[in-house]
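If you're wondering where the values come from, they're calculated on a predicted model, not measured in any experiment. Order of the sequence lines sets the chain letters (A, B, ...), proteins ahead of strands, with each chain counted from 1.
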Amino acid sequence: MPREYVVARTSEIPEGSHRIVRVGRREIGVFNMGGVWHAIPNLCPHQRGPLCEGAISGTLGYGPDTDWKLDWVHEGEIVTCPWHALEWHVPSGRCLAFPDMRLRKFPTRVDGAEVRVIL
Amino acid sequence: MPREYVVARTSEIPEGSHRIVRVGRREIGVFNMGGVWHAIPNLCPHQRGPLCEGAISGTLGYGPDTDWKLDWVHEGEIVTCPWHALEWHVPSGRCLAFPDMRLRKFPTRVDGAEVRVIL
Amino acid sequence: MAPIVQEQQSPEQDTLESLFVVDADVHIHEDPAGMADYAPSPWDVALREIAKVPERYLDLPGMSPRAEYRVPWPGGSNRKQTVDSASEMRSGLNDLNVDRAVLFPDHLLALAMVRDPRFAVALAQSYNAWLRDHWLLAEPTLKGSLVIAPQDPVASAEDIRRHAGEPEFVCVYLPASGVRPLYGHHVYEPVYEAAAEAGLPVVMHSVEAVYPTFPFQLEVFQTSLAQHAVAHPFSMMANMISLLETGVPVRYPDLGIGIMEAGISWVPFMLNRLDKEYTERRREVPFLQERPSHYIKRWYFGTQPIEEPENRGDIVKLFELFDGAERSMFASDWPHHDFDHPQYVFGLPFSPSDRRAIMGGNAARFFRLEA
Amino acid sequence: MAPIVQEQQSPEQDTLESLFVVDADVHIHEDPAGMADYAPSPWDVALREIAKVPERYLDLPGMSPRAEYRVPWPGGSNRKQTVDSASEMRSGLNDLNVDRAVLFPDHLLALAMVRDPRFAVALAQSYNAWLRDHWLLAEPTLKGSLVIAPQDPVASAEDIRRHAGEPEFVCVYLPASGVRPLYGHHVYEPVYEAAAEAGLPVVMHSVEAVYPTFPFQLEVFQTSLAQHAVAHPFSMMANMISLLETGVPVRYPDLGIGIMEAGISWVPFMLNRLDKEYTERRREVPFLQERPSHYIKRWYFGTQPIEEPENRGDIVKLFELFDGAERSMFASDWPHHDFDHPQYVFGLPFSPSDRRAIMGGNAARFFRLEA
């Protein structure tokens, strides 16, 4: 039975920032990306590093999405694991290096000034 | 039941030379090394190359036999397989690179002017 | 194309004699005077001059630059290590039970080290024409690798196009020893375009050289054992990495890529090492849509010099680590000093179907040979 | 010496927490001002001058020569990748469940590239004394590798003898990046004599560097992915071959030899390649009484950066190909960018006894550690 947890006030996580919250025994990274909220485990699927302690940035793309040209893409949407620099696209949960790897994404909901994560 | 085969006249294989003779379906290399006769199969145990078509020389030694100094040893006693240059010490049948590999040696006997190989 | 090795009722009964054997790498000896007939002026004059020079094995002043400083001890292999005609090659290959073979050069293994780019192009072009007329047309079971001069990729691309329709050529040969820049560099784009257009795979092949230094200084070693241990594999690894780091396999997804004379035991190392680096450094190669090993597993590898572990099962394990049974091609390197007799690879403990693929099927697919 | 990991009733029940874990390679960050207190004049002055320079990761002008030309894109790992004190190291290792660790330097990884041999010697000697006083005596679970300056093997041998009786040091560290000549050269004889006499194994460890060129020119590549893929392994292979081609393991049969930070997937390649070369070229290494692989199989290998194949069973196969279960030592490379968490190696499908050997038993034997 999914349950909603209040994890922060919206004012605590301004646009372009994120923080790690604890819900029960889980650590969850809550991201405010241009007013869109994302919640992912603070656990890199690669080797269980503390993913959400990583830096947020864009990254280099070069493929079908960039018309096969080198481009700076996904500005503000990439989190890089501090352990081994594996890059993750937070909105889609996609691992940039290994397409078969995905992050679990928790639904979020903003209720007034409260950010809620549904587990 | 071993049998003796006359394979050459001594005058046909002067000291320091060798020749390949055929006994039945076997090719055998007969070597005259300083008046001592040796007979080995014309077949390198490594990859079945025609061993006895190889050159005779000495080789470089460096170990317990040479007091751990570099030395030119076994002059006239080494046959080198023409296929992969594996070296064999004919008198002992020993492979210089791989001590666990040995040549089969056929007994020889000189009877007057005849060189005989016992198979 | 239908596989040329048809399923038999009892593949366990295969013998080296009964099997269709393709030899992915044998070497012919160049005749500078013969090549001169195909060279434009004034390079024909140079080739006739070179023809006067007494030859040494893989070392012909003016044509295959090389520095050799071995102590000349007596003894060693006394076998002739050059083949001078198509009929001599056919006869030698008959003794090895080889049905089809792909010809690579001797002296032109060192082509990338020739300093004058115009001469390098003249050598490549005259070799290709001479090869076709004197070897490939003379003996249809021998197939050609079309050598390019990396010193001039544009002229090389023209030569690929010149021969593109000729069924005698089954690949483009990229001489790797001493090549600068490495084969991933954008200057080689015309070569890959032309090869892809011609439907010809590219094959890299190195050779031992002390100077110039590539991709490391082999003069750091004191013995040929040391130099030769790394000369071919390091060169192949360096160029493999170079092709991947600039995305050649991504830009030319249909271009076959083959590697000769480096053995196979380093391939699992490259796969695993590059995948590990990729975890951390994907940004540098954002055009890769999959991990590096997925690209390399589409490449083809000549077996020679095939490793000879004490436990022969180790070879099968090594093959398993890079899907080698689907991508390895028996190669003898005949008649060079370290040639492999097919009996050894044939006798390794592969499954019958893997054995048939390695001894001929994979090469037939890679080179698009017909039975 | 008795094995320090005693047989338990249920080794299958091992957890990373319960297991005795030795980390064969972690890195401490040098404090030039601290080292200055141990340096003879005038080098103490130089070290105090260096201490004023703002530091970059593994790049300190005057101490760790390095050329770095990466494009500075935003993002990447934001983790602190240096450890500045014994207590900080102990705390980090506690998080990794590491019981004992062998310390290697940061900047002095590049020591072989320091051009002034007198300065190189001063750096090595002051580092060793500073390391002992500030790290090893402060935290007995941390063990030291005694760095030598290859620029002066005689002075280095003296320093080995100076520290020979100190149980804080468990090996002699041979910095490999940029070393000329390679470590097989006879100039290093005093170092091997002193190490053998002190009962200390020698350990080679490289680092990525673009210039100077060793044993290949890493500037031939365009990406760090490419450079780093070969920097450590090629350096280790080159030095491994060098030691073998001059017979160091024959002259010092009791000298332990270890290799760090090159992963393990290249080891089967080296074994097989060298054995194959040996068939043809034994004359060049007549002092070898056995095939080259028999010597290498007595060496020890740090696991980091451990390969991460898609099929984790591939790792076990790779280990089988060089008897790795008996000779590999877990290493994390903590706190560097590509450190391996022990959980990964621990979780590989080894047998329980192999796992315990790899996670601690082999290192305890190699470094003669006590529980």
Mind listing the closest non-hydrogen atom pair of [X] and [Y] along with its distance?
X: Q289(D); Y: P64(B); answer: OE1-CD, 3.5 Å
X: L60(B); Y: R282(D); answer: O-NH2, 3.0 Å
X: V250(D); Y: W68(B); answer: CG1-CZ3, 3.4 Å

Full working for side-chain hydrogen bond (donor to acceptor under 3.5 Å, both in side chains) between R283(D) and T80(B): CA-CA 11 Å; R283(D) 283 176 168 210; T80(B) 299; 4.8 Å; no
Counting only heavy atoms not in R48(B), do more than 12 sit closer than 6.0 Å to its CZ atom?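 Open.
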If you count every heavy atom of other residues, nucleotides or ligands that lies below 6.0 Å from R9(B) atom CZ, does the total exceed 12?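 Count not over threshold, so no.
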Heavy-atom pairs under 4.5 Å with chain D are the metric here; pick the option from T66(B), D100(B), L86(B) that has the most.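 Ranked by contacts with chain D, first place is L86(B).
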Can you find a pair of side-chain heavy atoms, one from T279(D) and one from F98(B), that are under 4.5 Å apart?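 Yes, at least one pair of side-chain atoms sits under 4.5 Å.
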Spacing of CZ belonging to R281(D) relative to CD belonging to E87(B), to within rounding of 0.5 Å: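 Interatomic distance, R281(D) CZ to E87(B) CD, rounded to 0.5 Å: 12.5 Å.
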